[in-house]
Visitor: 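Below you'll find the structure I mean.
Please read these numbers as outputs of a predicted model, since none were measured by experiment. We name chains A, B, ... by the order of the sequence lines, and we start the count at 1 in each one.
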There are 4 protein chains.
Amino acid sequence: MPKIGMEPIRRRALVDAAIAEIGRTGTLDVTVSQIARKAGMSSALAHHYFGSKDQMFLSAMRAVLNSFGTEVCSSLRGLAGHKERILAVIGACFSEQNFRPEVVAAWLNFYVLAQTSPEARRLLTVYYRRLNSNLVHDLRPLIGTRAPGTARAIAALIDGLYIRQALREENLTGAASVALVSSYVESALSQEARP
Amino acid sequence: MPKIGMEPIRRRALVDAAIAEIGRTGTLDVTVSQIARKAGMSSALAHHYFGSKDQMFLSAMRAVLNSFGTEVCSSLRGLAGHKERILAVIGACFSEQNFRPEVVAAWLNFYVLAQTSPEARRLLTVYYRRLNSNLVHDLRPLIGTRAPGTARAIAALIDGLYIRQALREENLTGAASVALVSSYVESALSQEARP
Amino acid sequence: MPKIGMEPIRRRALVDAAIAEIGRTGTLDVTVSQIARKAGMSSALAHHYFGSKDQMFLSAMRAVLNSFGTEVCSSLRGLAGHKERILAVIGACFSEQNFRPEVVAAWLNFYVLAQTSPEARRLLTVYYRRLNSNLVHDLRPLIGTRAPGTARAIAALIDGLYIRQALREENLTGAASVALVSSYVESALSQEARP
Amino acid sequence: MPKIGMEPIRRRALVDAAIAEIGRTGTLDVTVSQIARKAGMSSALAHHYFGSKDQMFLSAMRAVLNSFGTEVCSSLRGLAGHKERILAVIGACFSEQNFRPEVVAAWLNFYVLAQTSPEARRLLTVYYRRLNSNLVHDLRPLIGTRAPGTARAIAALIDGLYIRQALREENLTGAASVALVSSYVESALSQEARP
DNA sequence: AATGAATGAGTTTTCATTCAT
DNA sequence: GATGAATGAAAACTCATTCAT
């Protein structure tokens, strides 16, 4: 019997290598060979497992989004307070894991990919809807009809900070980003309180 | 008689075509031939004028940033009130001209280019510094030490909304974007007012 | 207990699958994997049994030629009349079994293979010589020196009709083909009869 | 001004080289590079002019069929006698030009191509229909209802002899082939004459 | 015996770039 | 100034074949 069960291992290795290479070079113009080499195998094997470069990129994108989604879910587990939950989502966006420069750089490139690839766009839309509905869900009890606009602003802030991180802006840490977005949330919520 | 003074015309045509094609396809993966064809000339001529594809892209980027800079300047002319000036800058970001989907899509791709090309990064940094210093200059008198953070947030909001526009998000107009960012500015300023 | 005697079964399955795939696609550009999959095994096993793709194709060719040879032999068994025997050979060429479109398409491709592979050419030559000698043997007593030319014409007619069948020409049945060739034979023989 | 008007020259050179290479190797498995090298240029240029390998092959096929068609036309010019015209068509099939082994080998491969490529099949069908209608047109006045069957037989004979030629059968000359087919025509016509 | 794993060699195709005119 | 011609270099993808188990 042959060596068996390599597929998931290889796929995982390729996906990781793809993210790393896209992140490192900051472009989707990485060759399958580069990625495969980084993952320790031949480009032929990469094609064997993914069928095409596009499929590999989409898998990489799914991995990034899933990782993000998982982190959000586990952050939310057990939290009941609305504001608490909102801050947890924001925290997940800028967590150690998700806010690594190369992951964020890959993220930026996936935005670009989404202009070309309908499937990539779909993935991004799903992710965005989920983020949005999470935020609106917890904002509505606090600020009512202003919830959707505020959610949109939070999402935009996050994306904007991601761009800065992708550009390796100095002095931009996850903590600073969280602080910035949180402060926006505070002011948005407090506004409601005022007469 | 030789055609004289064609150079600026040709260059302009190529730059416009480059922006249009990058915006239309949503990717930097456009060929020189495509761009040259759209500009009504041969790809050889494009090389003649720009030396290389990269230089052409950089010129296109400069054009976009200049167009933006010019618009900001003319918006600011004659305005004295700090808040007024801040809102003018924001308005320029989402003006008819600058917020066209294809321009914004090109913009997003220039962010990506900046990861690879030091010159592109330099251009972006210059632009960003100018935007930032404009904002800080007018925020400081109003909110003091909170000015830098707020400026950063405004810039991030703008970039985040640009990404949404690049993705052709429905119901996202320049006016709505201005409203969203302005509302953030309002709340940031009003916060100061509180004891 | 080890499966015993699998070899001939596997080989037969592969040969059949090869003929079917070549016939189906109408080209030698079928992959070993395709054939192996159709035969219900891995491509590695196909190599195990045949050593190489070329050998597999040659075996497939041998199978087709053998099947044909066997059918001719059994058709001729017990037949004594010269004309009767000639018609029997012709009948075998267009029998249900041999004139199936996919077999004929494979046949056409074996002609092509024979241009490249000496062994394939040898097989085809052997088959052709046998067909020819069969025909000449029975034609000579009937038409003397005109036998070789007539045999060649009969063979050419058969090949020509095979090409039509490979192209899936409509209204071309085995029976119609037999009729056409037989009619030629009739006229060739009757010519002799004339003064 | 650039060197101009190379396109038809290059295309012709490539088509000739394609026919020669397909004929020489007896297979469609020739690479674009091989063909381009033989035609004295880079494979990139071949793609520039033909867009794809398939298109190049189709052009080669068209060239072969056109050459044939032209020769038939010029052979028929001025001939009025039905039998005379039939023999002229047959003569064209086996002319010095058309019956060159490599052309015939290419021809055989085009039959194979026609199994895969609808356009190739279309070309072949057109050619075949024209040949057939030429023959029937001149046979009908001579043998009435037997014309279609006889035409089909003549076409099959020609194709069969082409296969032999593609296999480089010894002692098979154009003249011998003409003789063989002509003799069939004679016997087919004389049959009618008999009571 | 049997197969999943793995790859080297090769093929088509694309494209920025150069050149001769 | 302007362009058709031309190509080298590289990329995605394929596949026969080998190997370890």
Visitor: Would you check if M56(C) and M61(C) make a side-chain contact, meaning some heavy-atom pair closer than 4.5 Å?
Guide: no

Visitor: Taking the side chain of L45(B) as heavy atoms from C-beta outward, which of dT12(E), dT3(F), dC13(F) is closest to it?
Guide: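 Given the options dT12(E), dT3(F), dC13(F), the side chain of L45(B) is closest to dT3(F).
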
Visitor: Atom CE of M56(C) and atom C1' of dT17(F): how far apart are they, to the nearest Å?
Guide: 12 Å

Visitor: Quickly work out the Q34(D) CD to dG10(E) P distance and round it to whole Å.
Guide: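 For the pair Q34(D) CD and dG10(E) P, the rounded distance is 12 Å.
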
Visitor: dT12(E) C1' sits how many Å from D29(C) CG, rounded?
Guide: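 One finds 13 Å between C1' of dT12(E) and CG of D29(C), rounded.
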
Visitor: State which of dA5(F), dA2(F), dA11(F) makes the closest approach to the side chain of T31(A).
Guide: dA11(F)

Visitor: Based on the rotation axes of five pairs at each end, what angle does the helix from dA2(E)-dT21(F) to dT21(E)-dA2(F) bend through, to 10°?
Guide: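 Taking the rotation axis at each end, their angle is 20°.
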
Visitor: Quick one: I9(C) CD1 to dA2(E) C1', roughly how many Å, whole number?
Guide: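 From I9(C) CD1 to dA2(E) C1': 15 Å.
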
Visitor: Measuring from the side chain of H47(C) (C-beta onward, heavy atoms only), which nucleotide among dT18(F), dA12(F), dA5(F) has the closest atom?
Guide: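 Nearest to the side chain of H47(C) among the choices is dT18(F).
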
Visitor: Start at the 5' end of DNA chain F and walk down; is the nucleotide closest to S33(A) or to H48(B) reached first?
Guide: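 So the residue in question is H48(B).
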
Visitor: Whole angstroms only, please: what is the CD-C1' distance between E7(A) and dG4(E)?
Guide: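 Those two atoms, CD and C1', are 10 Å apart.
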
Visitor: Name the nucleic acid region contacted by Y49(A), choosing base, sugar-phosphate or nothing; use a 4.0 angstrom heavy-atom cut-off, strictly under.
Guide: sugar-phosphate

